[in-house]
Asker: 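Sharing a structure here in structure tokens format.
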Amino acid sequence: MQFLHTMVRVSNLDASLHFYCDLLGLKEVRRKENEKGRFTLVFLAAPADEARSERLTAPELELTYNWDPEEVSGGRNFGHLAYRVDDIYALCKKLEDNGVTINRPPRDGHMAFVKSPDGISVELLQKGDALPPQEPWASMENSGSW
């Protein structure tokens, strides 16, 4: 397992970039604009992690800016932890066998979401290419929020 990023929602991208980059000294390493989804993702890395971030896309801080105004409160501004895993199906099976709900199953062989006992969302991402779709995951519905 490898730590990838922590995501936080931001209400003002410019103010957040000023804080994280200009004041704290993090570096912007990647940006994704999604017009259809109406959001921007900005990935930041600490200076000492910049080369590793470019090579591995980890470890990073992901700033998520939703273009349509939304109130973020009660921890909603903190999004999730993300980990790259060797076999997403095997790990989801292990978690499920131990009573963990798979909130967003790995239908695509690439991504799943579960929650910690304290309700923290954890994103699991398949290392390398997505695995071929496989049952029971391919037809499993989402459960709750993630």
Asker: Roughly how far, to the nearest 0.5 Å, is CG of Leu81 from OG of Ser116?
Answerer: 8.0 Å

Asker: Do the side chain of Asn66 and the main chain of Phe39 share a donor and acceptor less than 3.5 angstrom apart?
Answerer: no

Asker: Salt-bridge test for Glu54 and Arg30: reply yes if a basic N is under 4.0 Å from a carboxylate O, no otherwise.
Answerer: no

Asker: Is the backbone N or O of Met140 less than 3.5 Å from a side-chain atom of Arg107, with the two atoms forming a donor-acceptor pair by type?
Answerer: yes

Asker: If you measure only the distance, is there a donor-acceptor pair under 3.5 Å linking the side chains of His110 and Gln126?
Answerer: no

Asker: Test side-chain hydrogen bond (donor to acceptor under 3.5 Å, both in side chains) on His80 and Glu123; report intermediate values, then the result.
Answerer: CA-CA 7 Å; His80 60 264; Glu123 179 181 17; 2.9 Å; yes

Asker: Do Leu17 and Trp67 belong together in a cluster built from hydrophobic side chains that touch within less than 4.5 Å?
Answerer: yes

Asker: Tell me the closest heavy-atom pair linking Ile88 and Ala112, and the distance in Å.
Answerer: CD1-N, 3.7 Å

Asker: Under 3.5 Å, is there a donor-acceptor pair between the side chain of Ser16 and the main chain of Val10?
Answerer: no

Asker: Around atom NZ of Lys27, are there more than 12 heavy atoms from other residues, nucleotides or ligands closer than 6.0 Å?
Answerer: no

Asker: Taking atom types as modelled, find out whether Thr64 and Glu62 have a side-chain donor-acceptor pair closer than 3.5 angstrom.
Answerer: yes

Asker: Show the nearest heavy-atom pair for residues Ile102 and Pro106, with the distance to one decimal.
Answerer: CG2-CD, 4.2 Å

Asker: Would you mind checking if Glu35 and Arg38 are paired as a salt bridge, meaning a charged N to carboxylate O distance below 4.0 Å?
Answerer: no

Asker: Taking 4.0 angstrom as the limit, do Asp49 and Arg52 come out as a salt bridge?
Answerer: yes

Asker: To the nearest 0.5 Å, what is the distance between CG on Asp87 and CG on Leu131?
Answerer: 6.0 Å

Asker: Look only at the side chain of Arg104 and the backbone of Val114, and say whether a donor-acceptor pair between them is shorter than 3.5 Å.
Answerer: no

Asker: In terms of ring plane angle, is the pair Tyr89 and Trp137 parallel, tilted or perpendicular, where the classes change at 30° and 60°?
Answerer: parallel

Asker: Do Gln2 and Tyr83 pass the side chain to side chain contact (heavy atoms under 4.5 Å, CB included) test, and can you show the C-alpha distance, the side-chain angles, and the key distance before you say yes or no?
Answerer: CA-CA 5 Å; Gln2 176 190 15; Tyr83 292 93; over 6 Å; no

